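Start at 1 with the first residue, then count along the sequence. Bear in mind that the values here come from a model prediction, so they are computed numbers and not experimental data.
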Amino acid sequence: MSSTLFRTKKVEQSILDTEEPEHALKKSLSALDLTVFGVGVIIGTGIFVLTGTVAKDNAGPATALAFVAAGIACALAALCYAEFASTVPVAGSAYTFSYASLGELPAWIIGWDLVLEFALGTAVVAVGWSGYIQSLMENAGWTMPAGLGSREGADAFGFDILAAALVLVLTGILVLGMKLSARITSIVVAIKVTVVLVVIIAGAFLIKGDNYDPFIPKEQPVEAGASLDSPLIQLMFGWAPSNFGVMGIFTAASVVFFAFIGFDVVATAAEETKNPQRDMPRGILGSLLICTTLYVLVSIVVTGMQHYSELSVDAPLADAFKATGHPWFAGFISFGAAVGLTTVCMILLLGQTRVFFAMSRDGLLPRFFSRVHPRFKTPHRPTILLGVIIAILAGFTPLTELAALVNIGTLFAFVVVAIGVIILRKSRPDLPRAFRTPWVPVIPILSVCASLWLMINLPAETWVRFAIWMAAGFLVYFLYGRTHSRLARRDAGEEQPSVGGGTP
């Protein structure tokens, strides 16, 4: 049993499987496309919302340091992702990497988790986008008909038609091809980054030095049961996170980390990249560097414009401009946020469909979903299926019920990928690696430690949801995936591997 659960799929076999005509994706992306995808998915509500939340509750002006700390944790993981994505240029990201290094069951666990995370993430972003659009419509004097607007706080039956429509439109774009998706993303990202740069430049002229005093506010203990209090930390170490002080910065880092989630989605497009060995590391690391720089600058500006204790939690950037007598920027920022969420939604949906497609091609999910469109060379079947499901989810479910994302899944994937780098270096030192993570095993170990530290700062509810979803995943794997996987069929002699392939 253990030998089948941890059977690995050779890197060579994974690459050969991508060349099967009916399961082959079209290679059309460049390093610039990948960088744009990364920036497009990372910069979302985090830069417009989380800055005020953590500045007011945890770090004060030192929020910039929290973004730096979170960026470093992501950079450690990004170095590991870059090596894997250039060595195993196959759709599926952490799922595919785990299959090549840790085995089938760990790969299934990661894939199962990422499918849920990306699905909920897409739905959340779609509902948030709908809220911004409705706000802009109300400013213009237009109101959505009763029952067709936001479901937030609604008791009566209703359907958020804008959120559902966005998901369906983006689903159609993804079916039509990656290059079209990349072009649309490039335009939207250009608008979004322009808005952020205008905020930074305009806000720089409104900074007051007194607002930075103190830069790191004096530490204050968090009351038991507070919203950012981690029961897991109290259980393990006997203490609770602190507001402000040095520990406040680390607590803030565990929160703003979620503003970085998405750079790993770039790795899911490895199979559709023209030169993945060269371009994947550039896309992953480049997008992370750009976004970290923008996050730090925004946090410095907003805490300089308005004292951290007076910042708004819901719309800190827009309200900071209002407080300084520049209300016009509030609408401008809302427009930028609405535009920005469009690409976040599309790229999360892209990532989910590619993970689902890779699992299907390996037989862990029905192979029906692994056939690509004969003309567009995209995985149209899982894209349409998941797009419709997410559209319904976004339309009927209030934002408060969607907002609890399984962010723990991303951190868990970071841990697995980092460990996988170490294992694959030892088990397959002969593999050509266009990009090599420096200082192995030091960097991967640091990545594991940083991810675990952020995980134990997560609320207990997140751990409970994670456990329930994983339990369901184990059930599906043992009832279907274990016996239907292509490796299992090859072991049983029911299917021959591609030329040069096979299980190790």
Student: So among Val344, Thr185, Thr342, which one has a side-chain contact (heavy atoms from CB on, under 4.5 Å) with Lys192?
Tutor: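 When Val344, Thr185, Thr342 are each tested with Lys192, the side-chain contact (heavy atoms from CB on, under 4.5 Å) holds only for Val344.
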Student: Quick check on salt bridge (charged side-chain N to carboxylate O under 4.0 Å, His left out): which of Lys26, Arg361, Lys27 does Glu271 satisfy it with?
Tutor: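 Answer to the salt bridge (charged side-chain N to carboxylate O under 4.0 Å, His left out) test with Glu271 among Lys26, Arg361, Lys27: Arg361.
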Student: With a 3.5 Å distance limit and no angle check, can you tell me whether Ser360 reaches the backbone of Phe356 through a side-chain donor-acceptor pair?
Tutor: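 Pair absent, no side-chain N/O of Ser360 close to backbone of Phe356.
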Student: Looking only at heavy atoms, which two atoms of Thr268 and Gly351 are closest? And how far apart?
Tutor: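 Shortest heavy-atom separation between Thr268 and Gly351 comes out as OG1-CA, 3.6 Å.
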Student: Considering only heavy atoms from C-beta outward, does the side chain of Phe357 approach that of Val372 to under 4.5 Å?
Tutor: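 A side-chain contact exists here, since the closest heavy-atom pair is under 4.5 Å.
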Student: When rounded to the nearest 0.5 angstrom, what is the spacing between CG in Leu364 and CG in Leu487?
Tutor: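 Going from CG on Leu364 over to CG on Leu487, the span is 8.0 Å.
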Student: Is there a donor-acceptor pair under 3.5 Å between the side chain of Thr437 and the backbone N or O of Leu79?
Tutor: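 Side chain of Thr437 to backbone of Leu79: a pair is present.
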Student: Would you confirm whether Trp463, through its side chain, and Met455, through its main-chain N or O, come within 3.5 Å as a donor-acceptor pair?
Tutor: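 The answer is yes, because a donor-acceptor pair under 3.5 Å joins these two groups.
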Student: Check whether any side-chain N or O of Thr378 sits under 3.5 Å from a backbone N or O of Val175 as a donor-acceptor pair, and report yes or no.
Tutor: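 Such a contact is found between Thr378 side chain and Val175 backbone.
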Student: Run the side chain to side chain contact (heavy atoms under 4.5 Å, CB included) test on Thr292 and Phe260 for me, step by step, so that the C-alpha distance in whole Å, both residues' side-chain angles and the decisive distance to 0.1 Å come before the verdict.
Tutor: CA-CA 8 Å; Thr292 301; Phe260 289 91; 3.2 Å; yes
Student: With the side chain counted from C-beta on, respond yes when Lys377 and Glu272 share a heavy-atom pair under 4.5 Å apart, and no when they do not.
Tutor: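 No, their side chains stay 4.5 Å or more apart.
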Student: First locate atom CG of Leu105, then atom CD1 of Ile110, and finally report the distance between them rounded to the nearest 0.5 Å.
Tutor: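 Rounded to the nearest 0.5 Å, the CG-CD1 separation comes out at 10.5 Å.
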Student: Are the side chains of Cys291 and Val39 in contact, using a 4.5 Å heavy-atom criterion?
Tutor: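 Sidechains of Cys291 and Val39: in contact.
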Student: Identify the heavy atoms of Asp279 and Leu34 that sit nearest to each other, and give their distance.
Tutor: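 In this case the closest contact between Asp279 and Leu34 is O-CD1, 3.6 Å.
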Student: Before giving the answer on side chain to side chain contact (heavy atoms under 4.5 Å, CB included), spell out for Val388 and Thr171 the whole-Å C-alpha distance, their side-chain angles and the decisive distance to 0.1 Å.
Tutor: CA-CA 8 Å; Val388 171; Thr171 297; over 6 Å; no
Student: Using modelled atom types only, decide if a donor and an acceptor are shared between the side chain of Ser451 and the backbone of Val448 within a distance under 3.5 Å.
Tutor: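 Between the backbone of Val448 and the side chain of Ser451 there is no qualifying donor-acceptor contact (under 3.5 Å).
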Student: For side chain to side chain contact (heavy atoms under 4.5 Å, CB included), just list the numbers for Arg490 and Gln13, CA-CA rounded to whole Å, side-chain angles, deciding distance to a tenth of an Å, and then say yes or no.
Tutor: CA-CA 12 Å; Arg490 288 166 185 171; Gln13 183 61 54; 3.3 Å; yes
Student: Quick check: do Leu166 and Cys345 have side-chain heavy atoms less than 4.5 Å from each other?
Tutor: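 Leu166 reaches Cys345 side chain to side chain.
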Student: Is the backbone N or O of Ala91 less than 3.5 Å from a side-chain atom of Thr96, with the two atoms forming a donor-acceptor pair by type?
Tutor: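 Between the backbone of Ala91 and the side chain of Thr96 there is a qualifying donor-acceptor contact (under 3.5 Å).
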Student: Determine yes or no for a side-chain-to-main-chain donor-acceptor pair under 3.5 angstrom, with Thr63 supplying the side chain and Ala59 the backbone.
Tutor: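 No, Thr63 side chain to Ala59 backbone: no donor-acceptor pair under 3.5 Å.
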Student: Provide the closest heavy-atom pair for Leu341 versus Trp129 in the form atom of the first, atom of the second, distance.
Tutor: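 Nearest heavy atoms, Leu341 then Trp129: CD1-N, 3.5 Å.
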Student: Ignoring hydrogens and geometry beyond distance, is a side-chain donor-acceptor pair present between Ser30 and Asp33 at under 3.5 Å?
Tutor: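 A pair is found: one side chain offers a donor N or O, the other an acceptor, under 3.5 Å apart.
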Student: Are any of the side-chain heavy atoms of Thr87 and Arg428 separated by less than 4.5 Å?
Tutor: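 With C-beta onward as the side chain, the pair stays apart.
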Student: Drop me the distance from Ile384's CD1 to Thr353's OG1, to the nearest 0.5 angstrom.
Tutor: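 Atom-to-atom, Ile384:CD1 and Thr353:OG1 are 11.0 Å apart.
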Student: Check this for me, if you would: do Arg367 and Glu22 make a salt bridge, where the nitrogen-to-carboxylate-oxygen distance has to be below 4.0 angstrom?
Tutor: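 Answer for the salt bridge query: no.
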Student: Evaluate the side-chain proximity of Glu83 to Leu424: yes if any heavy-atom separation is below 4.5 Å, no if none is.
Tutor: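 No. Closest side-chain heavy atoms not under 4.5 Å.
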Student: Working to the nearest 0.5 angstrom, can you tell me the gap between Asp113 CG and Leu411 CG?
Tutor: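 Interatomic distance, Asp113 CG to Leu411 CG, rounded to 0.5 Å: 10.0 Å.
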Student: How about Val195 and Val339: do any of their side-chain heavy atoms sit closer than 4.5 Å?
Tutor: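 Val195 vs Val339: side chains apart.
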Student: Please check this pair: side chain of Arg381 against backbone of Phe368, looking for a donor-acceptor N/O pair closer than 3.5 Å.
Tutor: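 Checked: pair present.
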Student: Can you give me the closest heavy-atom contact between Gly40 and Thr343, atom names plus distance?
Tutor: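 Minimum heavy-atom separation between Gly40 and Thr343: O-OG1, 3.0 Å.
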Student: Which atom pair, heavy atoms only, marks the closest approach of Leu29 to Ala182?
Tutor: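 Smallest heavy-atom distance, with atoms named: CD2-CB, 4.0 Å.
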Student: Evaluate Met359 against Trp108 for side chain to side chain contact (heavy atoms under 4.5 Å, CB included), listing each step before the verdict.
Tutor: CA-CA 8 Å; Met359 296 174 72; Trp108 166 266; 3.3 Å; yes
Student: State, to 0.1 Å, how close Ser93 and Tyr81 come at their nearest heavy-atom pair, and which atoms those are.
Tutor: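 Closest approach of Ser93 to Tyr81: OG-CE2, 3.4 Å.
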Student: Do Ser287 side-chain atoms and Gly38 backbone N/O form a donor-acceptor pair below 3.5 Å?
Tutor: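 No, because the side chain of Ser287 does not come within donor-acceptor range (under 3.5 Å) of the backbone of Gly38.
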Student: Could you tell me if the side chain of Val416 sits less than 4.5 Å from the side chain of Phe97, heavy atoms only?
Tutor: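 A side-chain contact is absent here, since even the closest heavy-atom pair is not under 4.5 Å.
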Student: State, without any angle test, whether Gln352 and Thr122 hold a side-chain donor-acceptor pair at a distance under 3.5 Å.
Tutor: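 Per modelled atom types, Gln352 and Thr122 side chains form no pair under 3.5 Å.
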Student: To the closest 0.5 Å, what do you measure between OG (Ser101) and CZ (Phe6)?
Tutor: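 Answer for the OG-CZ pair, Ser101 versus Phe6, is 12.0 Å.
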Student: How are the rings of Trp469 and Trp112 set relative to one another: parallel (under 30°), tilted (30 to 60°) or perpendicular (over 60°)?
Tutor: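 Taking Trp112 first and then Trp469, their aromatic rings lie parallel (interplane angle under 30°).
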Student: What's the spacing between Leu5 CG and Leu102 CG if we round to 0.5 Å?
Tutor: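 That separation rounds to 13.5 Å.
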Student: Quick one: does any side-chain atom of His380 pair with a main-chain N or O of His373 as donor and acceptor, under 3.5 Å?
Tutor: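 Yes; at least one donor-acceptor contact below 3.5 Å.
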Student: Do NZ/NE/NH1/NH2 and the carboxylate oxygens of Asp491 and Arg489 come within less than 4.0 Å?
Tutor: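 No, this pair does not count.
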